[in-house]
Participant: 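Below are the structure tokens for one structure; questions will follow.
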Amino acid sequence: MNDRRGFIKLGLAGTAALVTGCITRQEDEATSGQAATTPATDGPIVLSTWKHGIPANAKAWEVLGQGGSVLDAVEQGVAVVESDLSNRSVGLGGMPDRDGKVTLDACIQDHGGRAGAVAFVQRFEHPISIARAIMERTPHVMLVGAGAERWALENGFEPRDVEIPDVRKAWNDWLKESRYQPVANIENHDTIGMIAMDASGKLAGSCTTSGMAYKVHGRVGDSPIIGAGLFVDGEVGAACATGVGELVIRTAGSHTVVELMRHGRSPEEACREAVRRIVKQNPQLEGMQVGFLALRKDGAHGAWSVFNGFNYALSTAAGQQLVDAGHDRTLTA
Ligand code: ASP
């Protein structure tokens with residue numbers, strides 16, 4: 001697994017400079033027991049899930065710095081992680097399903113609520129760009145499977161065959177017992193979700209994943225589903241999710257977070273309440289992780305997860321940090 005701890009300061013141009021440690025959320029859990037409210041932030045802000053958010057945010061920040069739109073930023077930011085073949089949970093380097101196929105899901109949404117999504121596609125390096133193209137070139141929101149692949153081919157996306165011996169070997173080893181037991185922070189299921197705001201206050205979000213390792217062929221998680229893995233409402237804010245997608249879909253997780261912010265909850269309180277609903281619905285969570293990340297339209301942000309271990313990359317004009325999310329339950333190694 002990735003080491004998810006680290007603290008990277010970036011220059012304003014987005015150049016990685018220094019790795020020194022990690023920061024935790026600013027709230028004092030012991031005294032307040034309440035979710036924290038981060039201060040509003042003037043100017044651009046980019047947030048994305050997990051440590052792989054660091055290079056993704058750096059790219060998104062660069063795009064914004066060069067005058068690109070916030071939609072360009074969230075697309076090109078997560079595309080960096082899609083192209084990283086050492087990443088086992090996003091893109092063509094991801095873990096396969098139980099039939100040995102790597103199937104990819106992604107979605108994107110803009111300030112005005114326009115959305116595009118693609119699910120259960122194979123052999124394309126950038127499902128996030130297919131999702132955006134579906135949003136911009138069709139009257140639809142989501143295409144899946146063979147139809148999505150055919151549409152992508154017809155619309156200029158080149159397929160790519162990737163064979164990674166270590167991944168093949170891990171799948172062959174897994175086949176011996178074929179036991180599927182998702183456990184928080186042990187199974188590889190670390191989607192990248194990114195939510196961002198540009199200098200003018202425009203929001204956008206993106207989400208892309210290879211889904212849960214060894215899933216049933218055809219399974220689609222929350223990540224490409226607008227309202228589950230991602231939701232953006234320019235009047236309120238944006239949210240994205242990571243973890244066991246079935247738990248997020250059943251609670252319309254990201255939509256829930258945005259609606260809670262609409263009704264006055266802080267970003268972290270909203271994420272915490274969405275987690276609380278999942279925990280309530282699933283008392284036997286048995287180590288299944290879910291994390292939410294939220295951004296309010298004034299730049300305030302927050303995150304919360306079922307278990308410890310979830311963190312996110314935060315980029316503002318002050319630099320870039322990896323921040324530990326608050327959590328409901330603690331897992332020991
Ligand atoms: N949410 C993704 C899914 O269920 C997995 C993840 O977050 O890594 O497919």
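All ligand and atom numbering here is 1-based and tracks the order in the structure.
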Participant: Can you sort out which atoms of ligand 1 are near D190, meaning under 4.0 Å from one of its heavy atoms?
Facilitator: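 In order of number, 6 (C), 8 (O).
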Participant: Using a 4.0 Å cutoff against the non-hydrogen atoms of G211, which atoms of ligand 1 qualify?
Facilitator: 9 (O)
Participant: Going by the atom numbers of ligand 1, which of them fall below 4.0 Å from some non-hydrogen atom of T191?
Facilitator: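 Numbered from 1, ligand 1 contributes 1 (N), 2 (C), 5 (C), 6 (C), 7 (O), 8 (O).
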Participant: Distance under 4.0 Å to a non-hydrogen atom of T242: what atoms of ligand 1 satisfy this?
Facilitator: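 Once the distances to T242 are compared, the set is 6 (C), 7 (O).
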Participant: So is V244 polar-close to ligand 1, meaning N/O to N/O under 3.5 Å?
Facilitator: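 Between V244 and ligand 1, no N or O pair is found under 3.5 Å apart.
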Participant: Give a yes or no on whether a salt bridge exists between R123 and E149, defined as a side-chain N under 4.0 angstrom from a carboxylate O.
Facilitator: no
Participant: Within a distance under 4.0 Å of any heavy atom of S223, pick out the atoms of ligand 1 and give their elements.
Facilitator: 1 (N), 2 (C)
Participant: Would D222 count as being in polar contact with ligand 1, using the rule that some N or O on each side must be under 3.5 angstrom apart?
Facilitator: yes
Participant: Heavy atom of G243 under 4.0 Å from ligand 1?
Facilitator: yes
Participant: Are R219 and ligand 1 in contact, using a heavy-atom cut-off of under 4.0 Å?
Facilitator: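 Heavy atoms of R219 do come under 4.0 Å of ligand 1.
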Participant: Assigning hydrophobic clusters by single linkage (Ile, Leu, Val, Met, Phe, Trp, Tyr; side-chain heavy-atom cutoff under 4.5 Å), is V46 placed with V80?
Facilitator: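 No: no chain of side-chain contacts under 4.5 Å links V46 to V80.
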Participant: Atom CD of residue position E154 - does it have more than 12 heavy atoms of other residues, nucleotides or ligands inside 6.0 Å?
Facilitator: yes
Participant: Is there a donor-acceptor contact under 3.5 Å linking the side chains of H217 and D97?
Facilitator: yes
Participant: Between ligand 1 and G221, is the shortest N or O to N or O distance under 3.5 Å?
Facilitator: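 No.
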Participant: Under 6.0 Å from the CD atom of E136, do we count more than 12 heavy atoms belonging to anything else shown?
Facilitator: yes
Participant: Could you tell me the separation between the CE atom of M212 and the CZ atom of R98, rounded to the nearest 0.5 Å?
Facilitator: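 With rounding to 0.5 Å, CE (M212) is 13.5 Å from CZ (R98).
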Participant: Any side-chain donor-acceptor pair under 3.5 Å between H126 and T208?
Facilitator: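 Looking only at side-chain atoms, T208 and H126 do not form any donor-acceptor pair under 3.5 Å.
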